[in-house]
2 protein chains.
Amino acid sequence: METMTAVMQEGTFPSVSSPSVTAPADKAADHGDHSACRAVNDVLSRVGDKWSMRVVMNLDRGPMRFNELRRAIDSISQRMLTRTLRGLERDGLVSRTVTPSVPPRVDYALTPLGQSLREPVQALGDWAMANRAAVEDARTTFDAGCDE
Amino acid sequence: METMTAVMQEGTFPSVSSPSVTAPADKAADHGDHSACRAVNDVLSRVGDKWSMRVVMNLDRGPMRFNELRRAIDSISQRMLTRTLRGLERDGLVSRTVTPSVPPRVDYALTPLGQSLREPVQALGDWAMANRAAVEDARTTFDAGCDE
DNA sequence: CGGGATCCCTAGCGATACTG
DNA sequence: CAGTATCGCTAGGGATCCCG
C-alpha cells in the first residue's frame with residue numbers, strides 16, 4: 001500500500017484577511033492554523049493531480065463503468081485510472097458499485113461530496129479559461145526576454 | 001508550452017507534461033473542448049504544485065524579498081523557492097523587481113493576474129475547510145474496511 | 001543578499017503481462 | 001470486464017557548495 005497524498009506540516013492558507021498591502025517588516029512567519037493548512041494542501045494535491053479532475057468531470061454526467069471511463073479519458077493508462085479511482089473513493093468523492101454478474105460490472109459515480117467539489121473546481125476552470133490567453137502571453141514574453 | 005524547451009537546462013519547471021493532444025482530428029476523445037481541458041489542466045498543475053500557492057498566499061500581504069519569503073514559508077528549500085518564483089513569474093502571476101543596491105535587493109509581488117487567481121483558489125480552500133472532516137472520515141472508513 | 005550549479009533520492013506515471 | 005503486479009523512466013524536490 002502507499003500514501004497517495006503527501007501530507008505536510010505547516011503553512012498558511014485560508015483566512016488571509018490581512019490586507020496590509022503596504023506594511024511589510026512585521027512578522028514574516030505564518031500564523032499557525034496547521035490543520036487548516038493541511039486540509040487545503042490536501043485538496044490541492046487531489047485537484048492538482050493529473051487525472052483526478054478529469055475523472056470527476058466525466059463522472060459528472062452520470063455513473064460510468066471502468067472501461068467506459070477509460071475510453072472517455074482516452075490517454076489515461078489503466079493503471080492510473082485504477083489508482084485515481086481508488087484515491088477518489090478513499091476520499092469519499094467517488095462511489096464504487098460492484099454488480100456480480102457474469103461479466104463483472106463495476107460502476108463509478110460521484111458522491112454528493114464529489115459533486116460539491118465540482119463547483120469550486122469549476123470556478124478555477126473558469127479562471128483558467130478567462131486568463132489562459134494572458135498566461136500564455138506572459139509565458140511567451142518571458143521566454144523571449146530570457147533567451148534574447 | 002511547446003517553446004519551453006531551450007529556456008532551462010535542468011528541466012523546465014511546472015506545466016503539464018503532455019495534455020494528450022496527440023493530433024488526430026476526430027477520435028472522439030473527451031467531450032469536445034480540448035483547449036478548455038488543456039487550460040484547466042494547466043492552471044490545475046500550477047495550483048496543485050507543492051509550493052506555488054503558498055507563495056501566492058504569502059505575497060498577498062504585500063511585496064516580499066527572497067529570504068523574507070523563504071523564512072515565511074520556512075520549510076521550502078532555496079532551490080524550490082527560486083524555481084517556484086520563476087514559474088509564477090513566467091506565468092505572469094508574480095512580478096520581480098530588482099533594486100541594484102549594495103546588497104542587491106529583489107522584491108517579489110503579486111501581479112493583478114496573480115491576485116485574481118486568489119479568489120477561485122480561496123473558494124477551493126473554503127471547500128477544503130468545510131469538508132475536510134468528511135474527507136478524513138471517508139479515509140478512515142476506507143482504510144479500516146480495506147485492512148480489516 | 002539573491003540565486004545558479006551539482007548530486008542524488010523518491011514519487012509519479014506509463015507500458016506490459018498476468019489473474020478472477 | 002475489471003483489476004493486480006512488476007519494471008523502468010523521468011520529473012519533482014531536498015541538500016550543499018559557490019559566485020556576483
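Predicted model, so just to flag it, every value in this text is computed and none were measured. Numbered from 1 within each chain, the chains take letters A, B, ... in sequence-line order.
- If you take CZ of A/Arg54 and P of C/dG14, they are 11 Å apart, rounded to a whole angstrom.
- Checking side-chain atoms of B/Thr111 against main-chain N and O of B/Gly92 turns up a donor-acceptor pair under 3.5 Å.
- A sub-4.0 Å separation between OP1 or OP2 of C/dC1 and a side-chain N or O of B/Tyr108 is absent.
- Under a 3.5 Å cut-off, the side chain of B/Glu68 and the backbone N or O of B/Arg65 do form a donor-acceptor pair.
- Residue B/Asn67 contributes atom CG, which lies 10 Å from atom C1' of C/dG3 at whole-angstrom precision.
- B/Glu68 places its CD atom 13 Å from the P atom of C/dG3, with the value rounded to the nearest Å.
- One finds no side-chain N or O of B/Thr82 lying less than 4.0 angstrom from the OP1 or OP2 phosphate oxygen of C/dG3.
- Distances shown here put every side-chain N or O of A/Arg83 at or beyond 4.0 Å from the OP1 or OP2 atom of D/dG3.
- Applying the 4.0 Å criterion to OP1 and OP2 of D/dT4, one finds that A/Arg86 has a side-chain N or O inside that range.
- Rounded to an integer number of Å, the gap from CH2 of A/Trp51 to C1' of C/dA11 is 17 Å.
- Checked by distance alone, B/Arg79 brings a side-chain donor or acceptor within 3.5 Å of a matching partner on the base of C/dT6.
- In terms of hydrophobic clustering, with Ile, Leu, Val, Met, Phe, Trp and Tyr side chains grouped at heavy-atom distances under 4.5 Å, A/Leu124 and A/Met129 are assigned to different clusters.
- Taking the side chain of B/Lys50 as heavy atoms from C-beta on, and the options D/dG13, C/dG2, C/dG3, the nearest nucleotide is D/dG13.
- In the set C/dC1, C/dC13, D/dA2, D/dA2 carries the atom at the smallest distance from any side-chain atom of A/Phe66.
- Where A/Pro104 and A/Met80 each meet DNA chain C at their nearest nucleotide, the meeting point lying more 5' is that of A/Met80.
- Put simply, CZ on B/Arg96 is 12 Å from C1' on C/dG4, counting in whole angstrom units.
- Nearest nucleotide to the A/Gln78 side chain, out of D/dT4, D/dG13, C/dG3: D/dT4.
- Without hydrogens or angle criteria, B/Asp91 side chain to B/Leu93 main chain gives no donor-acceptor distance under 3.5 Å.
- If you measure from atom CG of A/Leu85 to atom C1' of D/dG3, you get 11 Å, rounded to the nearest angstrom.
- Between B/Arg139 and B/Asp137 there is no salt bridge, since no side-chain N of the basic residue sits under 4.0 Å from a carboxylate O of the acidic one.
- No engagement by A/Arg70 is indicated, since no non-hydrogen atom pair under 4.0 Å with the nucleic acid exists.
- Listed nucleotides: D/dC1, C/dG14, C/dC1. Nearest to the side chain of B/Arg65: C/dC1.
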